[in-house]
Amino acid sequence: MDAGVHRIVFLGPPGAGKGTQAGALAKELGIPHLSTGDILRAAVAAGTLLGREARGFMDAGRLVPDALVLKMLAERLAAPDARSGYLLDGFPRTIPQAEALEEVAPSEIVVSFEIPSHVLVARLSQRRICPKCSTVYNLETQPPRVAGRCDRDDMELIQRPDDRPEAVAVRLKVYTEQTAPLLDFYRRRGRLRPIDAAGTPAEVAARLHAALR
Ligand code: AP5
C-alpha cells in the first residue's frame, strides 16, 4: 500500500460493504474513518437539531440536504485528527458535495465498490446493528456470538429503519440518480479505482489493498 496516500473516499451503493472494510483500513493507515451515515445516526439518537432535521430523510431512504451535510462535514474535517487525512465513507454523494470537498481537502484515491443489486438487497435485509457502538452484523455472513446481542456491549441489536424493503428500493434509486454520476466525476480526474465488492469480507479486503497499492 502506498504509505503516502492519506485522503481516501469509498464510493458505492448501499450495502456494498464500505463500512465493513473502512474500520480496519482506517486503523491500519492511522487516519479517521468518517462515515456521514454514522455521524447522522448519532445525531438522530442524541436528538440534536441536526438529527431532528435529518431523521425523516434518512428513514425514507432519501439524502439529507447538501447544506446540512456540508456544514456537518466541514466541522468534522476541521477536527485535529483529520489533519493527517481521512477515509470518507458515504461522502460525497452528490456533485455539489464532491465539488465542496475539492475546495476543502481533495481526495487522492476514490475506491468504487462494484456489486450487483440483488446481492445488496440480500445483504441489507440481513443486516443488524448495535444502537450503542454501531457495530455492524449480518445474520447470515457475520452473526453475533449470542443471537440478537452485540459482542462488544451486549446491547440488543436493531434493524436500521432504512433497511426496510421500501426504503432500500428508494436508496438504490437515489444512488443511481444522484451518486453514480460521481464515478464519472472522479474517473475524469484519474482518481477512480474500482474493486469487485462481491465475495467474502476477506476477499474484498485483499482486492482493496491491491487497489491502493
Ligand atoms: P449510510 O450509512 O452511508 O448508508 P449507505 O451508503 O446506504 O451504506 P450502508 O451503510 O447501507 O452500506 P455499506 O456499504 O456501509 O455496507 P455494510 O458494510 O454496512 O447512509 C445512511 C443515510 O444517511 C442515507 O440514506 C442518507 O439519508 C444519509 N446520508 C449519509 N451520508 C449522506 C450524505 N453524504 N449526503 C446526504 N445524506 C447522507 O454492509 C452491509 C451488510 O452486508 C452488513 O450486514 C455486513 O455485515 C454485510 N457485508 C459486508 N461486506 C460483506 C461481504 N463481503 N460479504 C457478505 N456480507 C457482507
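Worth knowing before you read on, the calculation uses all heavy atoms, side chains too, and leaves out hydrogens, waters and symmetry mates.
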Pairwise side-chain contact, [X] with [Y], heavy-atom cut-off 4.5 Å (strictly under):
X      : Y      : value
Val136 : Arg127 : yes
Gln97  : Thr94  : yes
Tyr186 : Ser107 : yes
Leu208 : Phe10  : yes
Pro144 : Cys150 : no
Pro201 : Gln142 : yes
Met58  : Arg41  : yes
Leu87  : Leu25  : yes

Show the nearest heavy-atom pair for residues [X] and [Y], with the distance to one decimal.
X      : Y      : answer
Gly85  : Arg7   : CA-CG, 4.2 Å
Ala98  : Leu182 : CB-CD2, 3.7 Å
Val204 : Ala198 : CG2-O, 3.7 Å
Asp153 : Cys130 : OD1-SG, 3.4 Å
Pro161 : Ala167 : O-CB, 4.2 Å
His33  : Ala26  : CB-CB, 3.7 Å

With a 3.5 Å distance limit and no angle check, can you tell me whether [X] reaches the backbone of [Y] through a side-chain donor-acceptor pair?
X      : Y      : value
Tyr175 : Val170 : no
Thr179 : Arg93  : yes
Thr48  : Gly51  : yes
Ser125 : Ala122 : yes
Tyr86  : Ala105 : yes
Arg123 : Leu120 : no
Thr176 : Leu172 : yes
Glu108 : His6   : yes
Lys18  : Leu11  : no

Worked verdict on Asp151 versus Thr135 for side-chain contact (heavy atoms from CB on, under 4.5 Å)
CA-CA 9 Å; Asp151 291 351; Thr135 301; over 6 Å; no
Does the side-chain contact (heavy atoms from CB on, under 4.5 Å) test come out yes or no for Ser134 and Ile129, once each step is laid out?
CA-CA 6 Å; Ser134 303; Ile129 62 164; over 6 Å; no
To the nearest 0.5 angstrom, please state how far the [atom1] atom of [X] sits from the [atom2] atom of [Y].
X      : Y      : atom1 : atom2 : value
Ser117 : Leu124 : OG    : CG    : 11.0 Å
Glu75  : Ile39  : CD    : CD1   : 10.0 Å
Leu63  : Leu68  : CG    : CG    : 12.0 Å
Arg207 : Asp196 : CZ    : CG    : 4.0 Å
Leu183 : Ser112 : CG    : OG    : 5.0 Å
Asn138 : Thr20  : CG    : OG1   : 8.5 Å

Are [X] and [Y] within salt-bridge range, i.e. N to O under 4.0 Å?
X      : Y      : answer
Arg171 : Asp163 : yes
Arg76  : Asp81  : yes
Glu102 : Arg191 : yes
Asp154 : Arg149 : yes

Pair Asp59, Asp162 - check side-chain contact (heavy atoms from CB on, under 4.5 Å), show working.
CA-CA 5 Å; Asp59 287 356; Asp162 60 349; 5.7 Å; no
Cluster question for you: counting only ILVMFWY and a side-chain heavy-atom cut-off of under 4.5 Å, with indirect links fine, are [X] and [Y] together?
X      : Y     : answer
Val64  : Leu70 : yes
Phe57  : Phe91 : yes
Ile195 : Val9  : no
Leu34  : Val44 : yes
Ile8   : Leu77 : no

Side-chain donor-acceptor pair under 3.5 Å between Glu28 and His209, yes or no?
yes
Exceeds 12 heavy-atom contacts within 6.0 angstrom, atom [atom1] of [X]:
X      : atom1 : answer
Arg145 : CZ    : no
Arg160 : CZ    : yes
Glu156 : CD    : no

Under 6.0 Å from the ring centre and within 45 degrees of the ring axis: does the NZ or CZ of Arg189 meet both conditions for the six-membered ring of Phe185?
yes
